[in-house]
Amino acid sequence: MPKVFYTQPDGTVVAVEGSVGDSVMATAVRNGVAGVVGQCGGSLSCATCHVYLDERHADEFGEVGEDEDEMLDCTASDREHSSRLSCQLLIGEGEVHVTVPPEQL
Amino acid sequence: MSRSDDVLIVGAGQAAAQLACSLREAGHQGSITLVGDEPAPPYQRPPLSKGFLTGAADEDSLALRAPGYWQANGIDLLLGETVVEVDRGAGAGGRALTASGRELVFDRLVLATGAAPRRLDVPGAQADGVVVLRTLADAADLRRRLATARDVVVVGGGFVGLEVAATATVLGARVTVLEAGPRILGRAVSEATSRYLTDHHRATGIAVHTDVSVTEIVSAGAGRVVAVRTADREIPADLVLVGVGADPRCELAERLGLQVDDGIVVDEHLLASDGTTIAIGDCAVAVDPTPWADLDASAPCRVRLESVDHAVTQAASAVRTVLGEPSPHVSVPWFWSDQGTAKLQIVGLRRPGDRATVRPAGPGRLVVGFHRAGRLVAAEVVGSPADFMALRTLLGAGHPVPADVFADGDVVLRQLAKDARQGSISAC
(Lines give C-alpha, C1' and ligand atoms only; values in the text may rest on other atoms or scores of the structure.)
Protein backbone atom coordinates (compact mmCIF):
# COMPACT_ATOMS: atom_id res chain seq x y z
CA MET A 1 0.00 0.00 0.00
CA PRO A 2 1.30 3.49 -0.79
CA LYS A 3 2.30 5.53 2.24
CA VAL A 4 1.72 9.20 2.84
CA PHE A 5 4.16 11.04 5.10
CA TYR A 6 2.84 14.16 6.78
CA THR A 7 5.49 16.40 8.33
CA GLN A 8 4.00 18.57 11.06
CA PRO A 9 5.13 22.17 11.61
CA ASP A 10 7.16 20.98 14.63
CA GLY A 11 9.07 18.49 12.45
CA THR A 12 7.39 15.29 13.60
CA VAL A 13 6.41 12.96 10.78
CA VAL A 14 3.20 10.93 10.69
CA ALA A 15 3.08 8.07 8.19
CA VAL A 16 -0.30 6.78 7.07
CA GLU A 17 -1.15 3.96 4.69
CA GLY A 18 -3.19 5.25 1.82
CA SER A 19 -5.11 3.74 -1.08
CA VAL A 20 -4.51 4.43 -4.74
CA GLY A 21 -7.00 7.05 -5.92
CA ASP A 22 -7.75 8.51 -2.50
CA SER A 23 -6.73 12.07 -1.88
CA VAL A 24 -3.94 13.13 0.44
CA MET A 25 -6.58 15.22 2.28
CA ALA A 26 -9.06 12.37 2.81
CA THR A 27 -6.27 10.03 3.92
CA ALA A 28 -5.19 12.53 6.55
CA VAL A 29 -8.68 13.34 7.81
CA ARG A 30 -9.82 9.74 8.04
CA ASN A 31 -6.78 8.84 10.09
CA GLY A 32 -6.92 11.88 12.34
CA VAL A 33 -3.71 13.52 11.12
CA ALA A 34 -3.53 16.91 12.83
CA GLY A 35 -3.45 20.07 10.75
CA VAL A 36 -5.42 18.87 7.72
CA VAL A 37 -9.04 19.95 8.17
CA GLY A 38 -10.75 19.41 4.81
CA GLN A 39 -14.08 20.75 5.99
CA CYS A 40 -15.75 20.70 2.57
CA GLY A 41 -14.81 17.10 1.92
CA GLY A 42 -12.82 17.90 -1.19
CA SER A 43 -15.22 20.04 -3.20
CA LEU A 44 -12.79 22.96 -3.46
CA SER A 45 -14.82 25.19 -1.19
CA CYS A 46 -12.80 25.78 1.95
CA ALA A 47 -9.00 25.73 1.42
CA THR A 48 -8.48 24.05 4.80
CA CYS A 49 -6.39 21.18 3.41
CA HIS A 50 -3.42 23.27 2.32
CA VAL A 51 -0.08 21.42 2.28
CA TYR A 52 3.42 21.98 0.95
CA LEU A 53 4.21 19.21 -1.51
CA ASP A 54 7.74 17.86 -1.32
CA GLU A 55 9.89 18.97 -4.25
CA ARG A 56 10.57 15.36 -5.24
CA HIS A 57 6.93 15.06 -6.35
CA ALA A 58 6.90 18.29 -8.37
CA ASP A 59 6.08 16.49 -11.62
CA GLU A 60 4.05 13.59 -10.27
CA PHE A 61 0.70 15.26 -9.76
CA GLY A 62 -1.59 17.16 -12.07
CA GLU A 63 -1.15 20.89 -12.43
CA VAL A 64 -2.81 23.35 -10.08
CA GLY A 65 -6.36 23.91 -11.35
CA GLU A 66 -7.99 27.31 -11.77
CA ASP A 67 -10.16 27.19 -8.64
CA GLU A 68 -7.35 25.64 -6.65
CA ASP A 69 -5.02 28.39 -7.80
CA GLU A 70 -7.45 31.10 -6.68
CA MET A 71 -8.01 29.47 -3.33
CA LEU A 72 -4.33 28.95 -2.64
CA ASP A 73 -3.96 32.71 -2.77
CA CYS A 74 -6.18 32.91 0.30
CA THR A 75 -4.93 30.16 2.56
CA ALA A 76 -4.41 30.85 6.26
CA SER A 77 -0.69 30.09 6.03
CA ASP A 78 1.20 31.82 3.25
CA ARG A 79 1.29 30.26 -0.18
CA GLU A 80 4.61 28.97 -1.37
CA HIS A 81 5.76 27.61 -4.67
CA SER A 82 5.05 24.08 -3.46
CA SER A 83 1.58 24.86 -2.04
CA ARG A 84 -1.28 22.56 -3.01
CA LEU A 85 -4.75 21.78 -1.76
CA SER A 86 -4.33 18.19 -0.68
CA CYS A 87 -7.87 17.28 -1.78
CA GLN A 88 -6.52 17.63 -5.31
CA LEU A 89 -3.55 15.31 -4.76
CA LEU A 90 -4.62 11.77 -5.61
CA ILE A 91 -2.42 9.02 -4.29
CA GLY A 92 -0.69 6.82 -6.88
CA GLU A 93 1.48 3.75 -6.43
CA GLY A 94 4.35 5.54 -4.74
CA GLU A 95 5.00 7.36 -1.48
CA VAL A 96 3.86 10.93 -0.98
CA HIS A 97 5.62 13.42 1.26
CA VAL A 98 3.90 16.63 2.31
CA THR A 99 4.38 19.25 5.00
CA VAL A 100 1.41 20.54 6.96
CA PRO A 101 1.29 24.33 7.34
CA PRO A 102 1.03 25.99 10.77
CA GLU A 103 -2.55 27.20 10.19
CA GLN A 104 -5.58 26.16 8.15
CA LEU A 105 -8.40 28.40 9.37
CA MET B 1 -12.77 15.45 37.15
CA SER B 2 -14.44 16.37 33.88
CA ARG B 3 -11.61 14.86 31.82
CA SER B 4 -12.63 11.45 33.09
CA ASP B 5 -16.36 11.90 32.48
CA ASP B 6 -18.12 9.16 30.57
CA VAL B 7 -19.67 10.95 27.62
CA LEU B 8 -22.74 9.61 25.85
CA ILE B 9 -23.48 11.21 22.49
CA VAL B 10 -26.90 10.50 21.01
CA GLY B 11 -26.41 10.77 17.26
CA ALA B 12 -23.58 9.78 14.95
CA GLY B 13 -23.56 12.50 12.33
CA GLN B 14 -20.98 15.17 11.60
CA ALA B 15 -21.38 17.05 14.90
CA ALA B 16 -21.37 13.89 17.00
CA ALA B 17 -18.33 12.44 15.24
CA GLN B 18 -16.41 15.70 15.44
CA LEU B 19 -17.10 16.04 19.15
CA ALA B 20 -15.94 12.47 19.82
CA CYS B 21 -12.74 12.86 17.79
CA SER B 22 -11.92 16.30 19.18
CA LEU B 23 -12.50 15.14 22.77
CA ARG B 24 -9.96 12.36 22.31
CA GLU B 25 -7.50 14.67 20.58
CA ALA B 26 -7.86 17.05 23.53
CA GLY B 27 -6.86 14.24 25.89
CA HIS B 28 -10.26 13.28 27.27
CA GLN B 29 -9.85 10.17 29.44
CA GLY B 30 -13.41 8.97 30.03
CA SER B 31 -15.40 6.72 27.75
CA ILE B 32 -16.99 8.19 24.62
CA THR B 33 -20.02 6.43 23.14
CA LEU B 34 -21.91 7.38 19.99
CA VAL B 35 -25.38 5.96 19.45
CA GLY B 36 -26.58 6.27 15.86
CA ASP B 37 -29.81 4.94 14.40
CA GLU B 38 -28.28 4.42 10.95
CA PRO B 39 -26.20 1.30 10.28
CA ALA B 40 -23.23 3.13 8.73
CA PRO B 41 -20.40 4.60 10.79
CA PRO B 42 -20.24 8.42 10.69
CA TYR B 43 -20.14 9.71 7.13
CA GLN B 44 -20.27 12.92 5.11
CA ARG B 45 -23.75 13.91 3.99
CA PRO B 46 -22.96 16.69 1.45
CA PRO B 47 -21.93 14.31 -1.38
CA LEU B 48 -25.24 12.42 -1.07
CA SER B 49 -26.95 14.96 -3.32
CA LYS B 50 -24.05 15.20 -5.76
CA GLY B 51 -21.08 12.88 -6.24
CA PHE B 52 -22.72 9.88 -4.61
CA LEU B 53 -25.63 10.08 -7.06
CA THR B 54 -23.38 10.32 -10.11
CA GLY B 55 -21.11 7.54 -8.90
CA ALA B 56 -18.12 9.84 -8.43
CA ALA B 57 -18.17 9.03 -4.70
CA ASP B 58 -18.88 5.60 -3.21
CA GLU B 59 -19.92 4.67 0.30
CA ASP B 60 -16.36 4.04 1.48
CA SER B 61 -15.21 7.45 0.34
CA LEU B 62 -17.91 9.12 2.44
CA ALA B 63 -16.59 7.78 5.75
CA LEU B 64 -15.55 10.56 8.11
CA ARG B 65 -12.86 8.33 9.62
CA ALA B 66 -11.08 5.15 8.58
CA PRO B 67 -12.79 1.96 9.80
CA GLY B 68 -10.10 1.26 12.39
CA TYR B 69 -9.99 4.80 13.74
CA TRP B 70 -12.86 4.51 16.20
CA GLN B 71 -11.65 1.48 18.06
CA ALA B 72 -8.04 2.66 17.99
CA ASN B 73 -9.14 5.86 19.68
CA GLY B 74 -11.41 4.25 22.24
CA ILE B 75 -14.63 5.60 20.77
CA ASP B 76 -17.55 3.17 21.01
CA LEU B 77 -19.95 3.22 18.08
CA LEU B 78 -23.38 1.75 18.72
CA LEU B 79 -24.93 1.75 15.26
CA GLY B 80 -28.46 0.85 14.24
CA GLU B 81 -29.39 1.71 17.81
CA THR B 82 -31.81 4.21 19.30
CA VAL B 83 -31.87 5.68 22.77
CA VAL B 84 -35.43 5.24 23.99
CA GLU B 85 -35.20 6.32 27.58
CA VAL B 86 -32.97 8.41 29.79
CA ASP B 87 -32.94 8.39 33.58
CA ARG B 88 -31.33 11.44 35.08
CA GLY B 89 -29.57 11.03 38.35
CA ALA B 90 -28.53 13.98 40.46
CA GLY B 91 -26.25 16.37 38.58
CA ALA B 92 -25.21 15.81 34.99
CA GLY B 93 -25.08 12.03 35.01
CA GLY B 94 -27.62 9.31 34.43
CA ARG B 95 -28.33 6.18 32.48
CA ALA B 96 -29.80 5.63 29.06
CA LEU B 97 -31.64 2.65 27.67
CA THR B 98 -31.46 1.67 24.00
CA ALA B 99 -34.15 0.00 21.92
CA SER B 100 -32.26 -3.29 22.03
CA GLY B 101 -32.09 -3.17 25.80
CA ARG B 102 -28.57 -1.92 26.42
CA GLU B 103 -28.01 0.25 29.43
CA LEU B 104 -25.50 3.07 29.08
CA VAL B 105 -24.26 4.94 32.12
CA PHE B 106 -23.00 8.47 31.54
CA ASP B 107 -21.64 11.49 33.34
CA ARG B 108 -22.42 13.83 30.47
CA LEU B 109 -25.18 13.58 27.88
CA VAL B 110 -24.85 15.14 24.45
CA LEU B 111 -27.77 15.35 22.04
CA ALA B 112 -26.65 15.49 18.41
CA THR B 113 -29.83 13.99 17.05
CA GLY B 114 -29.91 15.93 13.79
CA ALA B 115 -32.98 16.70 11.75
CA ALA B 116 -35.54 14.67 9.86
CA PRO B 117 -36.74 15.61 6.37
CA ARG B 118 -40.27 16.95 6.13
CA ARG B 119 -42.69 14.98 4.01
CA LEU B 120 -45.37 16.22 1.69
CA ASP B 121 -48.79 16.38 3.25
CA VAL B 122 -50.96 16.04 0.15
CA PRO B 123 -53.15 13.23 -1.20
CA GLY B 124 -51.08 10.50 -2.82
CA ALA B 125 -47.81 11.48 -1.17
CA GLN B 126 -47.22 7.85 -0.13
CA ALA B 127 -46.86 6.75 -3.75
CA ASP B 128 -43.86 4.69 -4.77
CA GLY B 129 -41.31 7.01 -6.33
CA VAL B 130 -41.89 9.91 -3.93
CA VAL B 131 -38.70 10.15 -1.91
CA VAL B 132 -36.72 12.32 0.48
CA LEU B 133 -32.94 12.63 0.86
CA ARG B 134 -31.22 12.68 4.18
CA THR B 135 -29.43 9.41 4.83
CA LEU B 136 -27.08 7.14 2.97
CA ALA B 137 -29.97 4.68 2.55
CA ASP B 138 -32.12 7.46 1.06
CA ALA B 139 -29.28 8.33 -1.32
CA ALA B 140 -28.71 4.72 -2.40
CA ASP B 141 -32.42 4.43 -3.15
CA LEU B 142 -32.44 7.73 -5.03
CA ARG B 143 -29.38 6.72 -7.04
CA ARG B 144 -31.05 3.48 -8.07
CA ARG B 145 -34.21 5.32 -9.11
CA LEU B 146 -32.30 8.03 -10.99
CA ALA B 147 -30.72 5.38 -13.18
CA THR B 148 -34.05 4.90 -14.97
CA ALA B 149 -35.96 8.11 -14.21
CA ARG B 150 -36.95 10.27 -17.17
CA ASP B 151 -39.16 12.91 -15.61
CA VAL B 152 -38.00 14.13 -12.23
CA VAL B 153 -40.00 16.62 -10.21
CA VAL B 154 -38.25 18.28 -7.30
CA VAL B 155 -40.63 19.73 -4.74
CA GLY B 156 -38.89 22.57 -2.92
CA GLY B 157 -36.25 24.96 -4.25
CA GLY B 158 -33.86 24.62 -1.32
CA PHE B 159 -30.26 23.42 -1.23
CA VAL B 160 -30.98 19.69 -1.34
CA GLY B 161 -33.63 20.06 -4.03
CA LEU B 162 -31.53 22.23 -6.32
CA GLU B 163 -28.43 20.08 -5.91
CA VAL B 164 -30.40 16.97 -6.80
CA ALA B 165 -32.10 18.81 -9.68
CA ALA B 166 -28.71 19.74 -11.12
CA THR B 167 -27.38 16.21 -10.64
CA ALA B 168 -30.46 14.61 -12.22
CA THR B 169 -30.09 16.94 -15.21
CA VAL B 170 -26.48 15.87 -15.67
CA LEU B 171 -27.70 12.25 -15.53
CA GLY B 172 -30.05 12.99 -18.42
CA ALA B 173 -33.46 13.41 -16.79
CA ARG B 174 -36.00 16.12 -17.58
CA VAL B 175 -36.22 18.09 -14.34
CA THR B 176 -38.87 20.42 -12.95
CA VAL B 177 -38.45 22.32 -9.69
CA LEU B 178 -41.61 23.46 -7.90
CA GLU B 179 -41.08 26.11 -5.24
CA ALA B 180 -43.98 27.22 -3.06
CA GLY B 181 -42.44 30.60 -2.28
CA PRO B 182 -41.87 33.53 -4.63
CA ARG B 183 -38.24 32.54 -5.30
CA ILE B 184 -35.85 29.61 -4.88
CA LEU B 185 -33.67 29.52 -1.76
CA GLY B 186 -35.99 32.18 -0.39
CA ARG B 187 -34.83 31.97 3.20
CA ALA B 188 -31.22 31.03 2.55
CA VAL B 189 -30.02 33.68 0.11
CA SER B 190 -30.75 37.21 -1.06
CA GLU B 191 -32.88 38.09 -4.06
CA ALA B 192 -29.83 38.80 -6.21
CA THR B 193 -28.37 35.34 -5.65
CA SER B 194 -31.74 33.69 -5.96
CA ARG B 195 -32.27 35.32 -9.35
CA TYR B 196 -28.76 34.44 -10.51
CA LEU B 197 -29.20 30.78 -9.63
CA THR B 198 -32.68 30.64 -11.15
CA ASP B 199 -31.20 31.83 -14.44
CA HIS B 200 -28.35 29.34 -14.10
CA HIS B 201 -30.67 26.38 -13.57
CA ARG B 202 -33.01 27.42 -16.37
CA ALA B 203 -30.03 27.73 -18.73
CA THR B 204 -29.15 24.10 -18.01
CA GLY B 205 -32.67 23.05 -18.99
CA ILE B 206 -34.33 22.79 -15.58
CA ALA B 207 -37.90 24.12 -15.48
CA VAL B 208 -38.07 26.29 -12.36
CA HIS B 209 -41.55 27.30 -11.23
CA THR B 210 -42.17 29.52 -8.20
CA ASP B 211 -45.32 30.31 -6.25
CA VAL B 212 -46.51 26.80 -7.01
CA SER B 213 -47.86 24.40 -4.42
CA VAL B 214 -48.33 20.72 -4.99
CA THR B 215 -51.95 19.71 -4.47
CA GLU B 216 -51.76 16.00 -5.24
CA ILE B 217 -49.46 13.18 -6.23
CA VAL B 218 -50.99 11.09 -8.98
CA SER B 219 -50.09 7.42 -9.15
CA ALA B 220 -50.87 4.59 -11.51
CA GLY B 221 -52.46 1.26 -10.66
CA ALA B 222 -49.39 -0.25 -9.02
CA GLY B 223 -49.07 2.74 -6.72
CA ARG B 224 -46.21 4.22 -8.73
CA VAL B 225 -46.08 7.96 -9.15
CA VAL B 226 -46.93 9.20 -12.65
CA ALA B 227 -47.55 12.90 -12.15
CA VAL B 228 -47.52 15.84 -9.77
CA ARG B 229 -50.61 18.01 -9.70
CA THR B 230 -50.63 21.71 -8.86
CA ALA B 231 -53.50 24.20 -8.89
CA ASP B 232 -53.26 24.74 -12.63
CA ARG B 233 -51.27 21.93 -14.18
CA GLU B 234 -50.22 18.31 -14.08
CA ILE B 235 -46.55 17.53 -14.54
CA PRO B 236 -45.50 14.02 -15.59
CA ALA B 237 -43.14 12.43 -13.08
CA ASP B 238 -41.65 9.02 -12.55
CA LEU B 239 -39.58 10.28 -9.63
CA VAL B 240 -40.46 12.99 -7.11
CA LEU B 241 -37.85 14.28 -4.68
CA VAL B 242 -39.36 16.12 -1.75
CA GLY B 243 -36.92 18.72 -0.46
CA VAL B 244 -39.05 20.94 1.71
CA GLY B 245 -36.74 21.28 4.67
CA ALA B 246 -36.06 19.31 7.80
CA ASP B 247 -37.34 19.42 11.36
CA PRO B 248 -34.99 19.10 14.32
CA ARG B 249 -35.27 15.81 16.17
CA CYS B 250 -36.20 16.87 19.66
CA GLU B 251 -38.19 13.86 20.96
CA LEU B 252 -35.59 12.88 23.55
CA ALA B 253 -35.05 16.48 24.64
CA GLU B 254 -38.78 16.91 25.11
CA ARG B 255 -38.97 13.78 27.20
CA LEU B 256 -36.13 15.13 29.32
CA GLY B 257 -38.13 18.30 29.86
CA LEU B 258 -35.59 20.49 28.07
CA GLN B 259 -36.69 23.75 26.49
CA VAL B 260 -37.48 23.18 22.82
CA ASP B 261 -38.38 25.90 20.32
CA ASP B 262 -37.78 24.74 16.73
CA GLY B 263 -34.74 22.96 18.10
CA ILE B 264 -33.18 22.21 21.46
CA VAL B 265 -32.52 25.62 22.95
CA VAL B 266 -28.89 25.99 24.07
CA ASP B 267 -26.85 28.83 25.57
CA GLU B 268 -23.52 30.16 24.32
CA HIS B 269 -21.77 27.12 25.85
CA LEU B 270 -24.12 24.72 24.01
CA LEU B 271 -25.85 23.81 27.26
CA ALA B 272 -29.57 23.04 27.17
CA SER B 273 -32.04 24.49 29.65
CA ASP B 274 -31.11 21.99 32.39
CA GLY B 275 -27.61 23.47 32.45
CA THR B 276 -25.85 20.12 31.92
CA THR B 277 -27.08 18.45 28.73
CA ILE B 278 -25.24 19.59 25.62
CA ALA B 279 -26.96 19.88 22.23
CA ILE B 280 -25.07 20.50 18.98
CA GLY B 281 -25.58 20.39 15.24
CA ASP B 282 -28.82 20.46 13.26
CA CYS B 283 -30.97 19.78 16.34
CA ALA B 284 -29.75 22.74 18.39
CA VAL B 285 -31.03 26.29 18.29
CA ALA B 286 -28.58 28.81 19.69
CA VAL B 287 -27.96 32.53 19.89
CA ASP B 288 -26.57 33.99 16.67
CA PRO B 289 -22.84 33.08 16.97
CA THR B 290 -21.51 35.93 14.85
CA PRO B 291 -19.57 38.77 16.50
CA TRP B 292 -22.11 41.24 15.04
CA ALA B 293 -25.21 39.56 16.32
CA ASP B 294 -26.32 42.57 18.38
CA LEU B 295 -25.35 45.27 15.88
CA ASP B 296 -28.95 45.94 14.99
CA ALA B 297 -31.60 47.20 17.36
CA SER B 298 -33.37 43.90 17.83
CA ALA B 299 -32.15 41.48 20.48
CA PRO B 300 -29.76 38.78 19.24
CA CYS B 301 -31.94 36.26 17.50
CA ARG B 302 -31.68 32.53 17.82
CA VAL B 303 -30.58 30.50 14.84
CA ARG B 304 -30.68 26.84 13.95
CA LEU B 305 -28.18 26.06 11.23
CA GLU B 306 -27.79 22.92 9.17
CA SER B 307 -24.24 22.85 7.85
CA VAL B 308 -20.94 21.05 8.14
CA ASP B 309 -19.10 24.12 9.37
CA HIS B 310 -21.67 24.80 12.06
CA ALA B 311 -21.61 21.19 13.26
CA VAL B 312 -17.82 21.22 13.40
CA THR B 313 -17.43 24.57 15.16
CA GLN B 314 -20.20 23.84 17.67
CA ALA B 315 -18.50 20.54 18.43
CA ALA B 316 -15.26 22.40 19.08
CA SER B 317 -17.00 24.69 21.56
CA ALA B 318 -18.77 21.72 23.17
CA VAL B 319 -15.37 20.09 23.77
CA ARG B 320 -14.42 23.05 25.95
CA THR B 321 -17.68 22.76 27.85
CA VAL B 322 -17.19 19.04 28.48
CA LEU B 323 -13.61 19.58 29.61
CA GLY B 324 -14.71 22.22 32.09
CA GLU B 325 -13.04 25.07 30.23
CA PRO B 326 -16.10 26.70 28.66
CA SER B 327 -15.84 29.75 26.45
CA PRO B 328 -18.71 31.28 24.49
CA HIS B 329 -19.33 29.88 21.03
CA VAL B 330 -18.46 32.63 18.56
CA SER B 331 -18.02 31.94 14.86
CA VAL B 332 -18.68 33.27 11.41
CA PRO B 333 -20.59 30.38 9.84
CA TRP B 334 -20.05 29.47 6.22
CA PHE B 335 -21.88 27.21 3.79
CA TRP B 336 -21.40 25.83 0.36
CA SER B 337 -23.71 24.32 -2.20
CA ASP B 338 -22.52 22.94 -5.52
CA GLN B 339 -25.46 23.14 -7.89
CA GLY B 340 -24.23 21.63 -11.11
CA THR B 341 -21.47 23.94 -12.32
CA ALA B 342 -22.60 26.79 -10.03
CA LYS B 343 -20.52 26.88 -6.87
CA LEU B 344 -22.40 28.85 -4.22
CA GLN B 345 -20.54 29.87 -1.08
CA ILE B 346 -21.99 31.90 1.76
CA VAL B 347 -20.26 33.39 4.77
CA GLY B 348 -21.91 35.08 7.75
CA LEU B 349 -25.57 35.30 8.63
CA ARG B 350 -27.65 37.75 6.64
CA ARG B 351 -30.75 39.32 8.18
CA PRO B 352 -33.67 40.86 6.33
CA GLY B 353 -32.68 44.43 7.25
CA ASP B 354 -29.07 44.15 6.02
CA ARG B 355 -28.15 46.24 2.99
CA ALA B 356 -27.18 44.24 -0.10
CA THR B 357 -24.40 45.43 -2.42
CA VAL B 358 -23.50 43.62 -5.62
CA ARG B 359 -19.80 43.85 -6.39
CA PRO B 360 -18.62 44.02 -10.00
CA ALA B 361 -17.49 40.52 -10.98
CA GLY B 362 -16.64 38.84 -14.24
CA PRO B 363 -18.98 36.66 -16.27
CA GLY B 364 -20.12 33.53 -14.47
CA ARG B 365 -19.47 35.16 -11.13
CA LEU B 366 -21.64 36.83 -8.52
CA VAL B 367 -20.40 38.54 -5.37
CA VAL B 368 -22.96 40.10 -3.01
CA GLY B 369 -22.15 41.69 0.34
CA PHE B 370 -24.45 42.54 3.22
CA HIS B 371 -23.85 45.49 5.49
CA ARG B 372 -25.31 46.16 8.90
CA ALA B 373 -24.60 49.41 10.74
CA GLY B 374 -21.94 50.21 8.15
CA ARG B 375 -19.98 46.98 8.36
CA LEU B 376 -19.86 43.86 6.27
CA VAL B 377 -21.60 40.99 8.07
CA ALA B 378 -22.21 38.41 5.34
CA ALA B 379 -21.53 37.64 1.70
CA GLU B 380 -22.83 35.36 -1.03
CA VAL B 381 -20.50 34.28 -3.80
CA VAL B 382 -21.13 32.20 -6.90
CA GLY B 383 -18.27 30.96 -9.06
CA SER B 384 -15.52 32.94 -7.38
CA PRO B 385 -13.82 30.90 -4.67
CA ALA B 386 -10.97 33.36 -4.26
CA ASP B 387 -13.35 36.22 -3.51
CA PHE B 388 -15.17 33.96 -1.09
CA MET B 389 -11.98 33.01 0.73
CA ALA B 390 -10.95 36.66 0.91
CA LEU B 391 -14.33 37.70 2.30
CA ARG B 392 -14.24 34.88 4.81
CA THR B 393 -10.81 36.02 5.94
CA LEU B 394 -11.94 39.65 6.17
CA LEU B 395 -15.01 38.76 8.23
CA GLY B 396 -12.93 36.51 10.46
CA ALA B 397 -10.42 39.29 11.01
CA GLY B 398 -13.21 41.74 11.89
CA HIS B 399 -12.47 44.06 8.95
CA PRO B 400 -15.50 46.35 8.35
CA VAL B 401 -15.15 46.39 4.51
CA PRO B 402 -17.40 49.45 4.12
CA ALA B 403 -19.98 49.27 1.34
CA ASP B 404 -18.11 51.75 -0.92
CA VAL B 405 -14.93 49.68 -0.63
CA PHE B 406 -16.86 46.48 -1.25
CA ALA B 407 -18.52 47.93 -4.34
CA ASP B 408 -15.23 49.21 -5.79
CA GLY B 409 -14.14 46.75 -8.46
CA ASP B 410 -10.61 48.20 -8.34
CA VAL B 411 -10.16 47.03 -4.76
CA VAL B 412 -8.60 43.57 -4.82
CA LEU B 413 -10.29 41.59 -2.05
CA ARG B 414 -7.42 39.12 -1.80
CA GLN B 415 -4.97 41.94 -1.10
CA LEU B 416 -7.32 43.46 1.46
CA ALA B 417 -7.60 40.06 3.12
CA LYS B 418 -3.85 39.55 3.15
CA ASP B 419 -3.32 42.96 4.75
CA ALA B 420 -6.08 42.27 7.29
CA ARG B 421 -4.58 38.91 8.22
CA GLN B 422 -1.13 40.36 8.69
CA GLY B 423 -2.66 43.26 10.63
CA SER B 424 -4.47 40.92 12.97
CA ILE B 425 -1.34 38.84 13.48
CA SER B 426 0.81 41.86 14.33
CA ALA B 427 -1.96 43.17 16.61
CA CYS B 428 -1.55 40.05 18.72
Side-chain angles (χ1 to χ4, degrees), chain A residues 1 3-4 6 8 14-50 64-80 83 85 87-88 90-91 101-105, chain B residues 14 18 21-22 24-25 43-47 50-51 56-58 60-70 72-73 75 307-309 311-313 316 331 334-338 343-346 381 383-394 396 412-415 417-418 421-422 425:
Chain A
M1 277 222 205
K3 269 196 171 166
V4 187
Y6 300 87
Q8 294 292 336
V14 184
V16 177
E17 288 201 347
S19 302
V20 175
D22 281 356
S23 73
V24 170
M25 178 278 290
T27 304
V29 172
R30 280 189 220 140
N31 291 284
V33 175
V36 179
V37 180
Q39 230 181 50
C40 76
S43 63
L44 277 173
S45 288
C46 71
T48 60
C49 64
H50 177 205
V64 176
E66 192 184 337
D67 282 354
E68 182 185 0
D69 185 41
E70 287 198 0
M71 300 199 66
L72 281 169
D73 277 340
C74 297
T75 48
S77 295
D78 282 338
R79 179 177 189 173
E80 289 177 15
S83 285
L85 293 182
C87 64
Q88 302 301 302
L90 301 185
I91 298 170
E103 283 179 272
Q104 291 287 12
L105 297 170
Chain B
Q14 185 103 37
Q18 187 66 48
C21 298
S22 298
R24 272 293 175 257
E25 283 163 23
Y43 61 91
Q44 310 171 59
R45 288 193 203 279
K50 304 176 277 277
D58 62 7
D60 288 347
S61 74
L62 299 186
L64 280 167
R65 291 291 183 274
Y69 174 92
W70 306 103
N73 287 277
I75 297 169
S307 74
V308 170
D309 165 68
V312 168
T313 57
S331 80
W334 73 276
F335 313 81
W336 84 93
S337 172
D338 290 339
K343 178 188 281 293
L344 168 66
Q345 294 167 290
I346 304 172
V381 177
S384 197
D387 283 330
F388 170 75
M389 285 301 300
L391 289 163
R392 213 182 132 195
T393 304
L394 287 162
V412 180
L413 291 177
R414 281 183 232 200
Q415 191 56 47
K418 205 168 178 183
R421 203 168 59 224
Q422 278 160 1
I425 290 165

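Every chain is numbered from 1, with letters handed out A, B, ... down the list of sequences. Side chains included, hydrogens not; waters and symmetry mates left out as well; all remaining heavy atoms used.
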Asks: Can you tell me which portion of Pro46(B) sits under 4.5 Å from chain A's heavy atoms? Options are side chain, backbone, both or neither.
Replies: neither
Asks: Which pair of heavy atoms, one from Cys46(A) and one from Gln39(A), lies closest together, and at what distance?
Replies: SG-N, 3.6 Å
Asks: For Trp334(B), check ring-ring contact (aromatic ring centres under 6.0 Å, His included) against everything at least two apart and list the hits.
Replies: Trp336(B), Phe388(B)
Asks: Is there a side-chain contact between Val381(B) and Leu344(B), using heavy atoms and a 4.5 Å cut-off?
Replies: no
Asks: Heavy-atom distances under 4.5 Å only: say whether Arg392(B) touches chain A with side chain, backbone, both or neither.
Replies: side chain
Asks: Shorter than 4.5 Å, heavy atoms on both sides: which option in Asp67(A), Thr27(A), Val37(A) has the most such pairs with chain B?
Replies: Asp67(A)
Asks: Give, as side chain, backbone, both or neither, the part of Asp60(B) having an atom under 4.5 angstrom from any heavy atom of chain A.
Replies: backbone
Asks: Side chain, backbone, both or neither: which part of Leu44(A) has an atom under 4.5 Å from a heavy atom of chain B?
Replies: both
Asks: Between Asp73(A), Asp69(A), Asp78(A), who has the most heavy-atom pairs with chain B when the cutoff is under 4.5 Å?
Replies: Asp73(A)
Asks: Taking side chain as everything from C-beta outward and backbone as N, CA, C, O, which of these in Glu17(A) sits under 4.5 Å from a heavy atom of chain B? Side chain, backbone, both or neither.
Replies: neither
Asks: Side chain, backbone, both or neither: which part of Ser19(A) has a heavy atom under 4.5 Å from chain B?
Replies: neither
Asks: How close do Val24(A) and Ile91(A) get, counting heavy atoms only, and between which atoms?
Replies: CG2-CG1, 4.1 Å
Asks: Mind listing the closest non-hydrogen atom pair of Gly21(A) and Leu90(A) along with its distance?
Replies: O-CD2, 3.7 Å
Asks: Pairing donors with acceptors under 3.5 angstrom, does anything connect the side chains of His50(A) and Ser83(A)?
Replies: yes
Asks: Can you name the side-chain hydrogen bond (donor to acceptor under 3.5 Å, both in side chains) partners of Asp22(A), sequence neighbours left out?
Replies: Arg30(A)
Asks: Which atoms of Asp309(B) are under 4.5 Å from chain A, going by heavy atoms: the side chain, the backbone, both sets, or neither?
Replies: both
Asks: Tell me, out of Pro47(B), Ala57(B), Ser61(B), who's got the most heavy-atom pairs with chain A below 4.5 Å.
Replies: Ser61(B)
Asks: What residue in Lys343(B), Gln345(B), Lys418(B), Lys50(B) has the most heavy-atom pairs under 4.5 Å with chain A?
Replies: Lys343(B)
Asks: Side chains of Ser23(A) and Gln88(A): does their closest heavy-atom pair fall under 4.5 Å?
Replies: no
